[in-house]
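Keep in mind that the numbers below use all heavy atoms, side chains included, and drop hydrogens, waters and symmetry copies.
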Amino acid sequence: MPITDFAYAQQLDAQDPLAHFRDQFVIDDPDLIYLDGNSLGRLLKSSKSAAVDLVERQWGQQLIRGWNEGWMDLQAQIGGKIGQLIGADADEVIVADSTSINLFKLALAAVNYNNGRSKIITDDLNFPSDLYILHGVTRLARRPLQLQIIPSDGIHGPVEALAAAIDDDTALVALSHTVFKSSYTYDIAAITQLAHNAGAMMLWDMSHSVGSVPANLQAANVPLAVGCTYKYLNGGPGSPAFLYIQREWQSKLGNPITGWMGHEQIFEFALDYQRDAGLRHFLTGTPPILSTALIEPGVDLLLEAGMDNLREKSVRQTNYLIALWREWLAPLGFRLNSPAEAAQRGSHVSLGHNDGWRNSQALINDMHVIPDFRKPDNIRLGIAPIYTSFTDIYEAMLRLRHVVENKLYERYGLVENVVT
């Protein structure tokens, strides 16, 4: 059966052992094709009921007693579950703050520890906010530091250039596991080993991979990582992030933003700061309980599905999307701005087009498909294998072809003024 037949997509869905997980999500509009789970995941039905319980019973009835009935343990409890997704022990991952704040904490702690060196290495595929944070670290470190941004081809990680740049003057290497535009996915173990060989610290941002691409941080001997929870973990808009510190490094590194939650005796209210001996030292302020608690249902569902199963489906779906691009969209001027090799690709696919912005707006407003857009020309199609169906992919690509063939994009201007 040709891959361009709708029946082929239906057959793939019928054979999908993970298809039933889609029923766990709120999908009120069956005609809406949502391919932006790499920016904000869908709402779980269990998260809705959990939110009601949090507000009405835990907060409304238990009031401050809630802190002694589970709230104080939430950050470590959920962090331990995230650890199962990324190959880390429960005492190596904790939920806290935002990805940017956690990146700042760990990056500054790393360069202050590795204080005889003068370089931070990253690449031009890294998320811009990460680069802004790293620039800030160079200004606030205890000594002069240079941020060296290694150029790429715009799609693939510059592995050879990174290997040449990482040397005995490198304090820290900081990269995104899966990069936000092209979806290129680094070999964590190989790059971490490059850093270790030079005596440099390694810090990974897993925001675009956690929940869709398996990782084993312990096996790769990764010392530091951060990530968000509102993409593939489906934690909700702006839900708190997580940080990972390999156990052996927890006592060696100092949190640059010390606060009462990182004190060894939180409720002693001592005037002198005595750090917690473990990972809690990297906590700072009071956690936002409502948004923290709502991370857990999504993580539990991913653990039930299994990361290897999710990755297998993700690869099949991105391969299917690329096959449809080749049949339908490449002849219409669309470029593949993601790696063709599945092993080097995360769970989103970027398609480039000279009218990418206007095409994305026509998709959203006229065709009921939600992707997102990243300059200069990338329409990102995010596949969350826990709920994205093969028929979703088929319909999205068919509707995108319709947009271009019928020039629906001509209704839209070039001014980019909305969140995507």
Side-chain angles (χ1 to χ4, degrees), residues 33 35-40 99-100 122-135 147-159 161-162 174-186 205 207-209 228 231 318 321-322 324-326 328-341 344-367 369-383 396-397 399-420:
I33 308 299
L35 295 181
D36 207 4
N38 55 311
S39 286
L40 175 65
T99 306
S100 293
T122 188
D123 67 10
D124 65 358
L125 299 176
N126 209 345
F127 193 64
S129 183
D130 288 20
L131 300 184
Y132 309 154
I133 296 295
L134 295 173
H135 275 296
L147 178 62
Q148 186 173 348
I149 302 174
I150 306 300
S152 70
D153 64 3
I155 295 177
H156 303 87
V159 175
L162 284 167
L175 297 167
S176 290
H177 179 206
T178 296
V179 306
F180 81 108
K181 279 189 183 179
S182 75
S183 191
Y184 175 82
T185 300
Y186 277 103
D205 184 343
S207 294
H208 284 84
S209 62
C228 77
K231 300 180 189 296
T318 55
L321 189 153
I322 289 170
L324 291 176
W325 158 77
R326 189 175 291 112
W328 286 344
L329 299 180
L332 298 176
F334 283 88
R335 300 172 291 277
L336 181 62
N337 285 354
S338 292
E341 178 65 40
Q344 294 184 344
R345 189 175 64 239
S347 204
H348 68 273
V349 175
S350 286
L351 299 180
H353 192 277
N354 292 344
D355 271 310
W357 166 253
R358 295 200 293 169
N359 282 322
S360 70
Q361 290 305 292
L363 265 182
I364 294 168
N365 296 305
D366 299 325
M367 301 305 297
V369 177
I370 300 181
D372 67 14
F373 176 81
R374 294 293 178 263
K375 291 182 179 181
D377 63 353
N378 294 285
I379 299 174
R380 295 194 311 174
L381 302 169
I383 290 172
M397 300 297 276
R399 296 179 195 184
L400 182 52
R401 184 178 72 165
H402 180 82
V403 164
V404 178
E405 288 181 338
N406 293 277
K407 298 184 179 180
L408 301 186
Y409 60 87
E410 291 184 348
R411 304 174 184 177
Y412 299 93
L414 298 174
V415 178
E416 301 166 21
N417 58 0
V418 295
V419 175
T420 66

Residues at least two apart in sequence or cross-chain that pass side chain to side chain donor-acceptor pair (under 3.5 Å) with Ser350, listed by chain then number, are none
What pair of heavy atoms forms the shortest contact from Val404 to Asn359, and how long is it? CG2-OD1, 3.7 Å
Salt bridge (Lys or Arg N to Asp or Glu O under 4.0 Å): which pairs involve residues 351-361, sequence neighbours left out? Asp355-Arg358
Side chain to side chain, Met397 and Leu321, heavy atoms closer than 4.5 Å: yes
Between Ile33 and Ile370, does a side chain to side chain contact (heavy atoms under 4.5 Å, CB included) hold up when you go through it step by step? CA-CA 6 Å; Ile33 308 299; Ile370 300 181; over 6 Å; no
For the residue pair Leu332 and Arg401, establish whether any side-chain heavy-atom pair is separated by less than 4.5 Å. yes
Looking at CZ of Arg380 and CZ of Arg374, how far apart are the two atoms once the value is rounded to the nearest 0.5 Å? 4.5 Å
Tell me, please, which residues at least two apart from Phe127 pass ring-ring contact (aromatic ring centres under 6.0 Å, His included). Phe180
Please report the interatomic distance CG(Leu400) to CG(Leu329), rounded to the nearest 0.5 Å. 5.0 Å
Measure the shortest side-chain to side-chain distance between Tyr184 and Asp123 over non-hydrogen atoms and say whether it is less than 4.5 angstrom. no
With Ser338, which residues qualify under side chain to side chain donor-acceptor pair (under 3.5 Å), at least two apart? none
Could you tell me which residues satisfy side-chain contact (heavy atoms from CB on, under 4.5 Å) with Thr185, sequence neighbours excluded, listed by chain and number? His177, Thr178, Val213
Within the side chain of Ser183, is there an N or O that forms a donor-acceptor pair under 3.5 Å with the backbone of Gly346? yes
Check for a donor-acceptor pair, side chain of Asn406 on one end and backbone N or O of Leu408 on the other, with a separation under 3.5 Å. no
If you apply the rule side chain to side chain donor-acceptor pair (under 3.5 Å), what do you find for Ser176 with Asn126, and how did you get there? CA-CA 6 Å; Ser176 290; Asn126 209 345; 2.7 Å; yes
Ala330: partners by side-chain contact (heavy atoms from CB on, under 4.5 Å), with sequence neighbours left out: Trp325
Between Ser182 and Ile155, what is the shortest heavy-atom contact and its length? OG-O, 2.6 Å
Tyr412: what forms a ring-ring contact (aromatic ring centres under 6.0 Å, His included) with it, not counting sequence neighbours? none
Across all chains, not counting sequence neighbours, the side-chain contact (heavy atoms from CB on, under 4.5 Å) partners of Ser100 are Ser98, Ser129, Ile133
Among Asn378, Leu363, Asn38, exactly one meets side-chain contact (heavy atoms from CB on, under 4.5 Å) together with Pro371. Which residue is that? Leu363
Can you tell if the side chain of Leu175 reaches within under 4.5 Å of the side chain of Asp205, non-hydrogen atoms only? no
Can you name the side-chain contact (heavy atoms from CB on, under 4.5 Å) partners of His135, sequence neighbours left out? Arg139, Leu147, Ile149
Evaluate the side chain to side chain contact (heavy atoms under 4.5 Å, CB included) criterion for residues Arg345 and Ile322: first the C-alpha distance (whole Å), next the side-chain angles of each, then the deciding distance (0.1 Å), finally the verdict. CA-CA 12 Å; Arg345 189 175 64 239; Ile322 289 170; 3.3 Å; yes
Can you list the residues that meet the salt bridge (Lys or Arg N to Asp or Glu O under 4.0 Å) rule with Arg335, with sequence neighbours excluded? Asp377
Check salt bridge (Lys or Arg N to Asp or Glu O under 4.0 Å) between Asp124 and all other residues, then give those that pass, not counting sequence neighbours. none
Donor-acceptor contact below 3.5 Å, side chain Lys375 vs main chain Trp357: no
Below 4.5 Å, heavy atoms only, C-beta onward: do Thr122 and Leu134 meet side chain to side chain? yes
Between the side chains of Ser39 and Asp372, does any donor sit under 3.5 Å from an acceptor? yes
Distance, nearest 0.5 Å, that separates NE2 of His156 from CD of Glu341: 9.0 Å
To the nearest 0.5 Å, what is the distance between CG on Leu125 and CG on Asp130? 12.0 Å
Say whether, by atom type as modelled, one donor and one acceptor occur between the side chain of Arg399 and the main chain of Met367 under 3.5 angstrom. yes
Testing the basics here: between Phe334 and Ile379, what is the closest heavy-atom pair and its distance to 0.1 Å? CE2-CD1, 4.1 Å
Of the non-hydrogen atoms in Phe373 and Gly356, which two are nearest, and what is the gap between them? CE1-C, 3.5 Å
Residues 406-415 vs salt bridge (Lys or Arg N to Asp or Glu O under 4.0 Å), sequence neighbours excluded, gives Asp366-Arg411
